[in-house]
Amino acid sequence: MSFFDNPIDPPKLTNGWINNETNHGSGIEIPIFYPATGQQVSVLVEDTGDDVDKAVMSARQTFDKSNWSKLSTEKRIEILEDCRQIILDNADELARLECLATGLILREIKGFHIQRAAYNFRFFAQYISQAHGERFDNTEGYLTLVNREPAGVVGLIAPWNAPLALATMKIAAAIAFGNCAVLKPSEQTPFSLSKLVSLLKDILPPGVLNLINGRGSVTGSQLVAHPGIDRISFTGGTVTGRQVMMEAGKQLTPCTMELGGKSANIIFASADYERALDGALIGIYSNNGQQCLAGSRILVEDRIFDKFVNSFIERTKNITVGDPLKNETEIGPIASKQHMERILSFANTAEKDGDEILVGGKKASDHKNGYFIEPTAVLAKSNNSKTCQEEIFGPFASFLSFKSEEEAINLANDTEFGLVSYVWSDHMPTIMKVSNAMRSGVVWINTPMMRELRAPFGGFGNSGVGREGGYSCEQFYTEEKTVSIPKSPLTLKGFGR
Ligand code: NAD
């Protein structure tokens, strides 16, 4: 069966969720399209002013007035495990809704995104079972305790490229540390998260998790500006992140910013050739090429450059682009028409800028109405090319060659971003030297995209502020409180005795 012949029944209207009840927004209607066919499949009702206020106040009320933030760790672990289970029990429907809005490949959604979404809840259940405070006993006569208390009401803003996997990290962390949340999915991809919140309402008390829909410039910015918000966790583009942080700064609301990237995939002649080739292809073409951690600048040592690029082109020509429902599909559609046109505009200007298109660069012609493009690679004129400096966020790689470790390091770090780097070599001194020199939050050696959730994930430079991960989330979603207690009754010499 294929969406091309038999589309899934999408929700006719996608509403928000406030206080565990559906909320019919008061704003405009936004059409939602299935990227594989370009057909409009649903309508999203935007939440504005009063809706946003109602969602924040519902979370505020639950946080301030109920026992939610004071639940025992045992109870919270049970709740998190129930959230995991309900995702697994509804995996098929969630996966199809995710596919319908994003165009991600159903096989990958089921194999990775759903599993990650479920695991995020288990991960934080396990994490809080080990979490503990600090105790200092070295100031004479005093015992000092450091408690971590829930931060309060958190605003969670998610992008469209992997809604379930990314937003559940935020939701699970917020809940695990006793917060209440207002989630705003991307206005392009609301289905799976709306369904998830409708499922979680059977587990979570009213007000703990609310969902509002709408454009970032309207619903998103109203959420950030709301005085009832204690934290903003944002994943999205760098330009938007800057705006969100400026708005949040007016109220000194702490933020984490998981932003864009233009990551270097550095391939040395000393690497296992086939493994590095696979790694380079996975690095740029996974998730339909739309991922922050894409290895979009492929830097190859000059001794193997021509051979490597030719192998890459050959493999790229073999990629099956098409129906995201089919098992054999390797790259599905781009998530929106506007984004497809933006990606293609890089191919149009690349040649003018002196880059050479090696493969792709056009709309995939046999899928007329869907947002399909040919996987693309260019030989960049230099690292100053637009294709090397701007985040394209699609199946679009730029190749550059280097002669020495120093040159590879300089090229890799010559970017405003610093999210991840990939290094491929079997020579330990090279691995150590280059990985230590990377100005990025994560370095992957001889592997693509390994994520250990206990470890921090986030970027240097314009790729972000703060980190996500076990301890990083604990710090972000809690407030620290220091309590000092005299060990025996004190005799105080107060004023005016
Ligand atoms: P985006 O910045 O356009 O939107 C992200 C979210 O922010 C959406 O929900 C949007 O509605 C909202 N938003 C937009 N303007 C806002 C405003 N003024 N105030 C509040 N909210 C606002 O990003 P996108 O196009 O949805 O996602 C792609 C970007 O996300 C890429 O740059 C990608 O690299 C980045 N990303 C980063 C990570 C990471 O972990 N670092 C992960 C995934 C995606």
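Atoms within each ligand, like the ligands themselves, are counted from 1 in listed order. Quick caveat, the model's predicted, so the values are computed rather than measured.
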Flag, side chain of Asp230 to backbone of Val153, donor-acceptor distance under 3.5 Å: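 The answer is yes, because a donor-acceptor pair under 3.5 Å joins these two groups.
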Shortest non-hydrogen contact from [X] to [Y]?
X      : Y      : value
Ala95  : Lys110 : CB-CG, 3.8 Å
Met169 : Cys473 : CE-SG, 4.3 Å
Asn213 : Pro190 : OD1-CB, 3.7 Å

Option set Met257, Glu187, Met169, criterion heavy-atom distance to atom 10 (C) of ligand 1, minimum: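 Checking each option, the heavy atom nearest atom 10 (C) of ligand 1 is found in Glu187.
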Option nearest atom 2 (O) of ligand 1 (shortest heavy-atom distance, choices Thr256, Leu259, Thr240, Ile157): Thr240
Sub-4.0 Å heavy-atom approach of Gly464 to ligand 1: no
Test item, Gly459 contacting ligand 1 (heavy atom, 4.0 angstrom): no
Is it the side chain, the backbone, both or neither of [X] that has a heavy atom closer than 4.0 Å to ligand 1?
X      : value
Gln243 : side chain
Asn161 : side chain
Val239 : neither

Between Phe399 and Phe312, ring centroids under 6.0 Å: yes
Protein heavy-atom partner closest to atom 32 (O) of ligand 1 - residue, atom, separation in Å: Glu391 OE1, 2.6 Å
Ligand 1 N/O within reach of Trp160 N/O, cut-off under 3.5 Å: yes
